[in-house]
Structure formats: structure tokens, C-alpha cells
Amino acid sequence: MSQIIASIIGSIGFSIVFGIRRAYMLPIAVNAGLSWAVYLLVNGFAGDFAANMVSAMFCSLVAALMARRLRVPTVVLQMPATVPMVPGGSLYYTIYYVFAGDMPTAKSYFFFTARAVFGMAIGFAVVSVLFKTIDARKTAR
């Protein structure tokens, strides 16, 4: 529960840094908290790659749906909610161990970071393509 609360607080903090209107901070915080809960749930039985991919898909889907409802670009709601999922700690340790000269440990952290980033990228891309396809079909009618 503390990790979910931390993701909510982190998303609000980054909303402030990004200059997001106060009216959008609650939906962003809810999305961040739920997305992190999805990450924790999926990570428990499917591993970090799947957890990053599914939580990114969830985050992107929720942001896109809320953005349509609030009439705001999706990125406004998605970007701050995504920040808690960014693997900053493993990236830090990758660089730390490179400079410390411990290449096997650096390599291990690098692959963890890469899996997380690629999982997130795939998750975001799937939802983006889904919504572009839906919009294209609506426009074609």
C-alpha cells in the first residue's frame, strides 16, 4: 500500500513540475495509483517485463479514456501518471556499477532497465494503435 501511495504522491509532484492544471491532478493521481497496483499484481505472477507492459497499457488506456471525457490531450494525463513506473533506480545502479568497474553487475541492471523500458514502450504503443484505429474507423463513416 505504501508503494501505491508513493506513486500517487510522485505523480502529483510531477504534475506540478510539468505545470498541469490542478483540475487534472486527481485523475492523474488515481491513474498512477491504479497503474502501480496493476504493476505489483502482474509482477507477482508474470515477472517485470509483463508487469511493465500491462501497467503501461492500463495507464495509457485510462489516460486516453479520461482525456476524451475531460477534453484534454492524452499526454497531459498520461505523462505524470507514467513517471512512477520509470525504472530510475535500476538506471542509476547501471551507471554506478559501470563507473565502479563491476561490469557483470552493471550488465544485470542494464538488462533489467531495458526490459522495463521496452515493456512500457510496447504497452503504450498497443493502446496508441488501438485508439488510432478506432478514430480512423469513426472518421471513415
Side-chain angles (χ1 to χ4, degrees), residues 1-100 102-141:
M1 189 64 169
S2 62
Q3 289 184 29
I4 295 170
I5 292 169
S7 71
I8 290 168
I9 293 169
S11 69
I12 291 171
F14 274 93
S15 295
I16 293 167
V17 169
F18 292 150
I20 305 295
R21 287 190 200 163
R22 209 175 281 241
Y24 303 136
M25 288 187 191
L26 180 61
I28 290 167
V30 168
N31 190 6
L34 292 174
S35 296
W36 191 252
V38 167
Y39 172 85
L40 293 173
L41 180 71
V42 174
N43 192 35
F45 66 88
D48 62 324
F49 178 79
N52 280 293
M53 186 174 63
V54 172
S55 66
M57 287 172 56
F58 180 84
C59 180
S60 189
L61 180 64
V62 170
L65 293 173
M66 285 193 299
R68 288 172 184 241
R69 178 113 168 109
L70 298 173
R71 299 181 192 271
V72 64
T74 303
V75 70
V76 171
L77 302 178
Q78 183 179 357
M79 188 58 71
T82 302
V83 170
M85 292 186 283
V86 174
S90 63
L91 181 59
Y92 169 83
Y93 284 114
T94 300
I95 301 303
Y96 174 81
Y97 285 112
V98 165
F99 284 110
D102 187 354
M103 296 312 281
T105 306
K107 183 178 173 184
S108 173
Y109 277 105
F110 172 76
F111 284 122
F112 177 83
T113 304
R115 276 193 318 266
V117 169
F118 286 128
M120 290 172 60
I122 291 168
F124 293 139
V126 166
V127 174
S128 177
V129 168
L130 174 71
F131 274 90
K132 285 183 194 277
T133 303
I134 290 169
D135 288 343
R137 286 189 180 177
K138 283 183 182 177
T139 305
R141 290 182 189 171

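Excluded from the calculations below are hydrogen atoms, water molecules and symmetry mates; all remaining heavy atoms, backbone and side chain alike, are included.
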- Item | Closest heavy-atom pair and its distance - Thr94, Phe110 | OG1-N, 3.2 Å
- Item | Donor-acceptor under 3.5 Å (Ser128 side chain, Phe124 main chain) | no
- Task: For side-chain contact (heavy atoms from CB on, under 4.5 Å), just list the numbers for Val83 and Phe18, CA-CA rounded to whole Å, side-chain angles, deciding distance to a tenth of an Å, and then say yes or no.
- Result: CA-CA 11 Å; Val83 170; Phe18 292 150; 4.3 Å; yes
- Over all atoms of both residues, closest heavy-atom pair of Ala63 and Thr74: C-CG2, 4.0 Å
- Give the C-alpha distance, both sets of side-chain angles, the deciding distance and a yes or no for side-chain contact (heavy atoms from CB on, under 4.5 Å) between Ile16 and Met25. CA-CA 9 Å; Ile16 293 167; Met25 288 187 191; 3.7 Å; yes
- Closest contact, heavy atoms only, Pro84 versus Trp36: O-CZ3, 3.6 Å
- Task: Under the side-chain contact (heavy atoms from CB on, under 4.5 Å) rule, what do Val42 and Asn52 come out as? Steps first, then yes or no, please.
- Result: CA-CA 9 Å; Val42 174; Asn52 280 293; over 6 Å; no
- What residues, two or more places apart in sequence or in another chain, satisfy side-chain hydrogen bond (donor to acceptor under 3.5 Å, both in side chains) together with Thr113? Ser90
- Message: In the structure I gave you, are the side-chain heavy atoms of Ser35 and Val62 within less than 4.5 Å of one another anywhere?
- Response: no
- Measure the acute angle between the ring planes of Tyr93 and Tyr96, then classify it against the limits of 30° and 60° as parallel, tilted or perpendicular. perpendicular
- Query: How would you list, by chain and number, every residue that makes a salt bridge (Lys or Arg N to Asp or Glu O under 4.0 Å) with Asp48, sequence neighbours excluded?
  - Reply: Arg115
- Task: Write down the atom of Met85, the atom of Ser55, and the distance for their closest heavy-atom approach.
- Result: SD-OG, 3.2 Å
- Where do Val127 and Met57 come nearest, in terms of heavy atoms and distance? CG2-O, 3.4 Å
- Item | Considering all heavy atoms, the nearest Ser11-Ala81 contact | CB-CA, 4.3 Å
- Query: For Cys59, does its backbone N or O pair with a side-chain atom of Asn31 as donor and acceptor, under 3.5 Å?
  - Reply: yes
- Item | Spacing of Phe49 atom CZ and Phe112 atom CZ [to the nearest 0.5 Å] | 12.5 Å
- Message: As a quick check of understanding, evaluate side-chain contact (heavy atoms from CB on, under 4.5 Å) for Tyr39 and Gln3, giving each step before the final call.
- Response: CA-CA 11 Å; Tyr39 172 85; Gln3 289 184 29; 5.9 Å; no
